[in-house]
Trainee: 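For reference, the structure I am asking about is given below.
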Amino acid sequence: MVKFIHAADLHLDSPFKSRSKMPNNILEILMTSTYKSVSRMVDFAIKENVDFILISGDVFDQSNRSLKSEIFLKKEFSRLKEKGIFVYMIHGNHDPISSGFKTTWPDNVSVFKENVETYEMLSSKGERVYLHGFSYLLDESYENKLDEYPTNTDNRGIHIGLLHGTYAKTVYDAKRYTEFNLEALNNKLYHYWALGHIHVRSQLSDLPQVHYSGNIQGRHKNETGEKGFLLVQGDDVSLRTDFVPVQEVIFENLELDTDTLRKEALYQKIVEFKQNLREQSKYIVNLQLNYDGEDEISQSDYAELMELLQEDEVDIDQFVWIDNLNVTYNNEEQIALLKDIKSSYSDNEELFRSAVNTLYMDPNINRYLPPINEVSPDELLKMGEERLKMLMRK
């Protein structure tokens with residue numbers, strides 16, 4: 001029986017996007033969020049008495065790596081050492097070993113070099129474990145080193161491969177770092193592949209177990225949902241994985257249905273929505289409002305609404321920050337037509353005068369109209385819009 005943690009893509013000190021207009025309390029929490037996530041992982045490892053932790057690359061962010069992050073990680077590794085827990089780590093494209101390190105790790109930490117290496121260890125239950133992997137020497141590695149991984153031929157113990165790279169069928173990775181396919185992994189006859197580089201948690205195969213653990217803390221709106229690591233338990237016959245979330249802040253794209261765009265009612269509706277989220281975690285949200293109606297929210301009302309929603313989160317520890325707010329109209333065709341009419345005719349002074357003159361030339365109508373110099377283009381356009389809406393409803 002072996003018990004270990006598979007983590008990847010810690011990206012300590014990595015910058016966060018979507019933060020220019022955030023208050024200081026949220027910025028401070030964001031900047032320490034990856035540290036807190038790692039500490040939670042170490043706490044969990046000690047509590048669960050795991051045999052070892054695997055970190056499959058991108059521990060640091062090369063362009064932003066600081067001495068602070070290395071000292072922090074050394075302290076966390078030392079906590080593990082006190083409990084007899086080992087760490088096996090590879091470096092990826094964001095923290096290649098050629099960039100150099102200022103810190104010497106405790107002796108419970110093994111770092112794979114640029115050529116494929118194998119480490120052997122015994123679990124607390126006496127299970128023999130073989131760990132195979134390599135670190136990136138440079139920040140871009142397109143070579144396929146899978147051929148250098150040894151094949152498991154004698155069926156002794158548990159064989160685990162660490163690899164930082166791109167699955168061949170991945171569609172959202174523009175740069176194809178150390179590309180691989182499942183056939184190449186299967187040919188090694190390992191029991192588990194601990195993958196890194198893709199920040200989305202996913203299982204590529206169940207025999208053998210092939211997993212991306214995802215990153216440990218989301219950094220922007222495209223890294224949504226809970227983040228954490230995988231707890232792996234079992235033997236050479238069967239391994240089971242469980243996801244353990246440890247993120248400090250959740251980025252999320254969410255939707256909210258509404259039947260009103262009046263700013264007072266809409267504000268209250270979003271406040272209640274935020275309160276439900278607040279009970280679960282800290283959030284940074286891109287919120288889409290699904291509106292079923294004929295009104296539109298003005299730019300001034302939108303700006304005031306956003307300002308109020310964001311002011312509510314100043315100095316709030318358990319924040320729900322609305323980073324962006326979009327309105328989707330369920331009657332898109334009608335709204336699009338009205339917008340097209342407004343954009344085409346609202347600033348056309350000649351067309352306005354022609355329409356007004358036509359009205360005043362009709363003796364059956366002009367007696368009911370105010371003096372021509374008191375007619376407002378905005379008022380007339382608004383009246384026309386209401387009339388058009390009525391016709392469209394019919």
Trainee: Looking only at non-hydrogen atoms, find the nearest pair between Asp13 and Tyr35 and report the distance.
Mentor: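 So the two residues come closest at OD1-OH, 2.8 Å.
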Trainee: With ring centroids as reference points, do Phe86 and Tyr119 lie under 6.0 angstrom apart?
Mentor: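 For Phe86 and Tyr119, the ring centres are not under 6.0 Å apart.
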Trainee: Indicate if Val50 and Met41 have the same hydrophobic cluster label, given that clusters are the connected sets of ILVMFWY residues with side-chain heavy-atom separations under 4.5 angstrom.
Mentor: yes
Trainee: Are Ile97 and Glu114 close enough that some pair of their side-chain heavy atoms sits under 4.5 Å apart?
Mentor: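 They are in contact (side-chain heavy atoms under 4.5 Å apart), so the answer is yes.
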Trainee: Quick one: do Glu313 and Arg278 make a salt bridge, cutoff under 4.0 Å?
Mentor: yes
Trainee: Where the side chain of Lys263 meets the backbone of Glu304, is there a donor-acceptor pair that is under 3.5 Å apart?
Mentor: no
Trainee: Taking the side chain as C-beta and beyond, is there a heavy-atom pair between Tyr283 and Val249 under 4.5 Å?
Mentor: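 The answer is no, as the side chains (C-beta and beyond) never meet within the 4.5 Å cut-off.
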Trainee: Looking at Leu30, is its backbone amide N or carbonyl O close enough to the side chain of Ser33 to form a donor-acceptor pair, meaning the two atoms are under 3.5 Å apart?
Mentor: yes
Trainee: Establish, from distance only, whether the side-chain atoms of Glu117 and Asn115 form a donor-acceptor pair under 3.5 Å.
Mentor: no
Trainee: Please identify which of these residues, His91, His94, His164, meets the ring pair (Phe, Tyr, Trp, His ring centres under 6.0 Å) condition with Tyr136.
Mentor: His164
Trainee: Could you check Asp61, Val59, Ile216 and say which one makes a side-chain contact (heavy atoms from CB on, under 4.5 Å) with His11?
Mentor: Asp61
Trainee: Does a side-chain heavy-atom distance below 4.5 Å link Phe229 with Ser37?
Mentor: no
Trainee: Look at the rings of His159 and Tyr130 and say which category their plane angle falls in: under 30° parallel, 30 to 60° tilted, over 60° perpendicular.
Mentor: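 Parallel: the ring planes of His159 and Tyr130 meet at under 30°.
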Trainee: Any sub-3.5 Å donor-acceptor pair from Asn186's side-chain atoms to Leu182's backbone N or O?
Mentor: yes
Trainee: Are Val246 and Phe243 grouped together when hydrophobic residues (ILVMFWY) are joined by side-chain heavy atoms under 4.5 angstrom apart?
Mentor: no
Trainee: Using a 3.5 Å distance criterion without hydrogens, assess whether the side chain of Lys269 forms a donor-acceptor pair with backbone atoms of Thr258.
Mentor: no
Trainee: Is Ile160 reachable from Val109 through a run of hydrophobic residues whose side-chain heavy atoms are each under 4.5 Å from the next?
Mentor: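 No; Ile160 is not reachable from Val109 via cluster members.
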Trainee: Classify the ring geometry between Tyr190 and His132 as parallel (under 30°), tilted (30 to 60°) or perpendicular (over 60°).
Mentor: parallel
Trainee: Please determine whether residues Phe52 and Ile90 belong to a single hydrophobic cluster, defined as Ile, Leu, Val, Met, Phe, Trp and Tyr linked transitively by side-chain heavy-atom distances below 4.5 Å.
Mentor: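 Result: yes, single cluster for both.
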Trainee: With a 6.0 Å cut-off on the ring centroids, do Trp193 and Tyr167 count as close?
Mentor: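 Judged by ring-centre distance (under 6.0 Å), Trp193 and Tyr167 do not meet the cut-off.
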Trainee: Closer than 4.0 angstrom, basic N to acidic O: yes or no for Arg156 and Asp236?
Mentor: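 The answer is no: the pair does not qualify as a salt bridge.
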Trainee: Would you check, one step at a time, whether the test side chain to side chain contact (heavy atoms under 4.5 Å, CB included) holds for Leu277 with Leu254?
Mentor: CA-CA 11 Å; Leu277 286 178; Leu254 299 175; 3.6 Å; yes
Trainee: Whether Arg79 and Glu76 form a salt bridge (side-chain N of Lys/Arg under 4.0 Å from carboxylate O of Asp/Glu) is what I want to check.
Mentor: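 A salt bridge is present here (some side-chain N lies under 4.0 Å from a carboxylate O).
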Trainee: Is the side chain of Asn326 donor-acceptor paired with the backbone N or O of Gln288 at a distance under 3.5 Å, no angle test?
Mentor: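 A pair under 3.5 Å: no.
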Trainee: Start with the C-alpha distance between Phe134 and Thr178, add both sets of side-chain angles, then the distance that settles side chain to side chain contact (heavy atoms under 4.5 Å, CB included), and finish with yes or no.
Mentor: CA-CA 11 Å; Phe134 76 96; Thr178 309; 4.1 Å; yes
Trainee: Closer than 4.0 angstrom, basic N to acidic O: yes or no for Glu248 and Arg40?
Mentor: yes
Trainee: Between His211 and Tyr192, how do the two ring planes meet: parallel, tilted or perpendicular, split at 30° and 60°?
Mentor: parallel
Trainee: Can a donor-acceptor pair be found, under 3.5 Å and without considering hydrogens, that links the side chain of Asn108 to the backbone of Phe77?
Mentor: yes
Trainee: Taking the side chain as every heavy atom from C-beta outward, state whether Leu137 and Pro96 have any atom pair closer than 4.5 Å.
Mentor: no
Trainee: Side chain to side chain contact (heavy atoms under 4.5 Å, CB included) for Glu255 and Thr328? Distances and angles first, verdict last.
Mentor: CA-CA 10 Å; Glu255 296 185 16; Thr328 298; over 6 Å; no
Trainee: Could you check Phe180 against Leu204 for side chain to side chain contact (heavy atoms under 4.5 Å, CB included), going step by step and ending with a plain yes or no?
Mentor: CA-CA 12 Å; Phe180 64 89; Leu204 305 184; 4.2 Å; yes
Trainee: Can you confirm whether Glu311 is buried at CD, in the sense that more than 12 heavy atoms of other residues, nucleotides or ligands lie under 6.0 Å from that atom?
Mentor: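 Yes, the 6.0 Å shell around CD holds more than 12 heavy atoms from other groups.
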Trainee: Describe, in one word, how the ring planes of Phe60 and Trp105 are oriented to each other, choosing from parallel (under 30°), tilted (30 to 60°) and perpendicular (over 60°).
Mentor: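 Parallel.
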Trainee: Decide yes or no for Leu54 and Val232: does some side-chain heavy atom of the first lie under 4.5 Å from some side-chain heavy atom of the second?
Mentor: no
Trainee: Hydrophobic clusters here meaning ILVMFWY residues chained together by side-chain heavy-atom distances under 4.5 Å, can you tell me if Leu289 and Met306 are in one?
Mentor: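 Yes, Leu289 and Met306 fall within the same hydrophobic cluster.
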Trainee: Name all residues meeting the side-chain contact (heavy atoms from CB on, under 4.5 Å) criterion together with Glu127; count only those two or more places apart in sequence or in a different chain, and write none if there are none.
Mentor: Ser123, Ile158, Asp235
Trainee: Would you confirm whether Thr32, through its side chain, and Glu28, through its main-chain N or O, come within 3.5 Å as a donor-acceptor pair?
Mentor: yes
Trainee: Can you find a pair of side-chain heavy atoms, one from Leu80 and one from Val42, that are under 4.5 Å apart?
Mentor: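 Yes, their side chains come closer than 4.5 Å.
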Trainee: Side-chain contact test, heavy atoms from C-beta onward, threshold under 4.5 Å: evaluate it for Gln217 versus Val38 and give yes or no.
Mentor: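 Sidechains of Val38 and Gln217: no contact.
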Trainee: Can you tell if the side chain of Thr153 reaches within under 4.5 Å of the side chain of Leu189, non-hydrogen atoms only?
Mentor: no
Trainee: Examine distances only and state if a side-chain atom of Lys227 and a backbone atom of His199 form a donor-acceptor pair shorter than 3.5 Å.
Mentor: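 Such a contact is found between Lys227 side chain and His199 backbone.
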Trainee: Are the side chain of Asp58 and the backbone N or O of Asp9 linked by a donor-acceptor pair below 3.5 Å?
Mentor: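 No, the answer is negative, given that no donor and acceptor are paired below the 3.5 Å cut-off.
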Trainee: Can any side-chain N or O of Asn276 pair as donor or acceptor with the backbone N or O of Phe273 at less than 3.5 Å?
Mentor: no
Trainee: Among side-chain atoms of Asp295 and Tyr329, is any donor-acceptor pair under 3.5 angstrom?
Mentor: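 Note: Asp295 and Tyr329 side chains miss the donor-acceptor criterion.
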Trainee: Evaluate whether atom CD of Gln280 has more than 12 neighbouring non-hydrogen atoms of other residues, nucleotides or ligands under 6.0 angstrom away.
Mentor: yes
Trainee: Decide whether Asn253 and Asn286 meet the rule of one side-chain donor and one side-chain acceptor closer than 3.5 Å.
Mentor: yes
